[in-house]
Amino acid sequence: MQPRDLSDHAVYAAGRGSEEVARELGLAPDELVTLSSNENPHGPSPAAAAAIREQASAVHTYPKSAHTDLTGAIADRWNVEPAQVWLANGGDGALDYLSRALLNPGDSVLVSRPGFAYYAMSARYHHGRVNSYELKQSSGFAQTPDTVLDAYDGERIVYLTIPHNPTGTTASLETIERIAAETDEETLIVVDEAYGEFASVESALALVEGREEWSARDDVAVLRTFSKAYGLAGVRLGYAVVPDEWAGAYTRVNTPFAASALACRAGLAALDDREHVERTVETVEWAREFMAENLDAHTYPSAGNFVLVDVGDATAVAEAAKRKGVVVRDCSSFGLSDCIRVSCGTEEETERAVEVINEVLA
Ligand SMILES: *Cc1c(COP(=O)(O)O)cnc(C)c1O
């Protein structure tokens, strides 16, 4: 027998872990500087790590109260109802729940090019089709209402990534609001704020909640994750905040206990550990500026925990940097064969990365 026809699905192959790369290069894992996956260079929140250890002896029970507690804490933080918080196995899991809740077979979604691969993958898993709008390199990958609206053709979901991965650009609430207002009533605008903590623009949650001068919309949802600023990528924890009007759909599409007890307890502890997030954001702000000032190549202004760099031949530069012990993301797979994306590391890691990339470019 065979599975269904999966030939239009992109294959997702995770990058290799640093242990494996280090072994291949004959280096100790701690000699390798890995700045390819936008992970937190300070590790997880220590409070979250402690919460995981503490929960370990109780993992024989289903995460009933842990799930409720975390949903409640997130709802409090954003001033929404608990039902509006769709917890999931990573932000990616939350994207799947949105696909499940919204897409009928054959429905289309609109994604940015270049952009985050999982939007399209999730849509295809759910029998959807994928169209794209282009963010032009020649205009600095600017996210304007027209870049989206000119390409829009009645899609069921439109994805905005703010800050955008891999380019680092943002868009204002006015831009999001205009896109939401000028698309069909039955089109959902998903604002992916995986890197929201690193940006100074206001969260689109203002549009979901109806904060200050904004009225609450029923066609905007926001995605958030614990993988980046909170340093919990290995735990797999994220969520969508959806409009009140149809928030109850979660109970009809979710996998029971969508986030594990360990994930929920870690998330709760991390939410309270302001100091860890602040330290992380400070390091990122420093590293973005350091890279912009010291790399001997054009960099794009970034609101994320990474910087996109114009290097000419991205594959060659990334390969050469890796041989010198610095792993960065070759953006050819994003369709940007002249760019690498360098995650913000600690001061030491970032300085080392800049030194090595400059050596390679020279
Ligand atoms: C990292 C990331 C996510 C979510 O990742 P998870 O680890 O699944 O939470 C979502 N969107 C973008 C653009 C990302 O870079």
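All figures in this text were calculated on a predicted structure; none of them were measured in a lab. Order of appearance sets the numbers: ligands from 1, and atoms from 1 within every ligand.
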With salt bridge (Lys or Arg N to Asp or Glu O under 4.0 Å) as the criterion, how do Arg224 and Glu197 come out once you've worked through the C-alpha distance, each side chain's angles and the decisive distance to 0.1 Å? CA-CA 9 Å; Arg224 287 259 168 171; Glu197 290 83 358; 3.3 Å; yes
Determine, stepwise, if the pair Arg23 / Glu20 fulfils salt bridge (Lys or Arg N to Asp or Glu O under 4.0 Å). CA-CA 5 Å; Arg23 211 176 306 127; Glu20 205 182 330; over 6 Å; no
What are the atoms of ligand 1, with element, lying closer than 4.0 Å to any heavy atom of Gly90? 8 (O), 9 (O)
Nearest-contact summary for atom 11 (N) of ligand 1 - protein heavy atom, Å: Asp192 OD2, 2.5 Å
Do Asn104 and Arg156 pair up side chain to side chain, a donor and an acceptor below 3.5 Å, judged on atom types alone? no
Any N or O of Gly91 that comes nearer than 3.5 Å to an N or O of ligand 1? yes
Below 3.5 Å, N or O to N or O, backbone or side chain included: is there any such pair between Asn165 and ligand 1? yes
Distance-only N or O hit between ligand 1 and Asn89, under 3.5 Å: no
In terms of residue, atom name and distance, what is the protein heavy atom nearest to atom 8 (O) of ligand 1? Arg236 NH2, 2.7 Å
Modelled atom types, side-chain donor and acceptor of Asp330 and Ser332, under 3.5 Å: yes
Atoms in ligand 1 with a heavy atom of Thr225 nearer than 4.0 Å: 6 (P), 9 (O)
Does a donor on one side chain sit under 3.5 Å from an acceptor on the other, for Tyr195 and Ser302? no
Any chance the side chains of Asp310 and Tyr300 put a donor and an acceptor closer than 3.5 Å? yes
Under 4.0 Å, heavy-atom basis, I'd like to know which part of Asp92 is in contact with ligand 1: side chain, backbone, both or neither. both
Tell me: protein heavy atom nearest atom 14 (C) of ligand 1, and distance? Lys228 NZ, 3.1 Å
Parallel, tilted or perpendicular for Trp246 and Trp86, by the 30°/60° rule? perpendicular
For Ala194, the ligand 1 atoms with a heavy-atom partner under 4.0 Å come out as 2 (C), 3 (C), 10 (C), 11 (N), 12 (C), 14 (C)
Give a yes-or-no answer on whether the side chains of Thr175 and Ser172 include a donor-acceptor pair shorter than 3.5 Å. yes
Give the atoms of ligand 1, by number and element, whose distance to some non-hydrogen atom of Thr161 is under 4.0 Å. 13 (C)
Atom 15 (O) of ligand 1 sits nearest the protein heavy atom Tyr195 OH, 2.6 Å
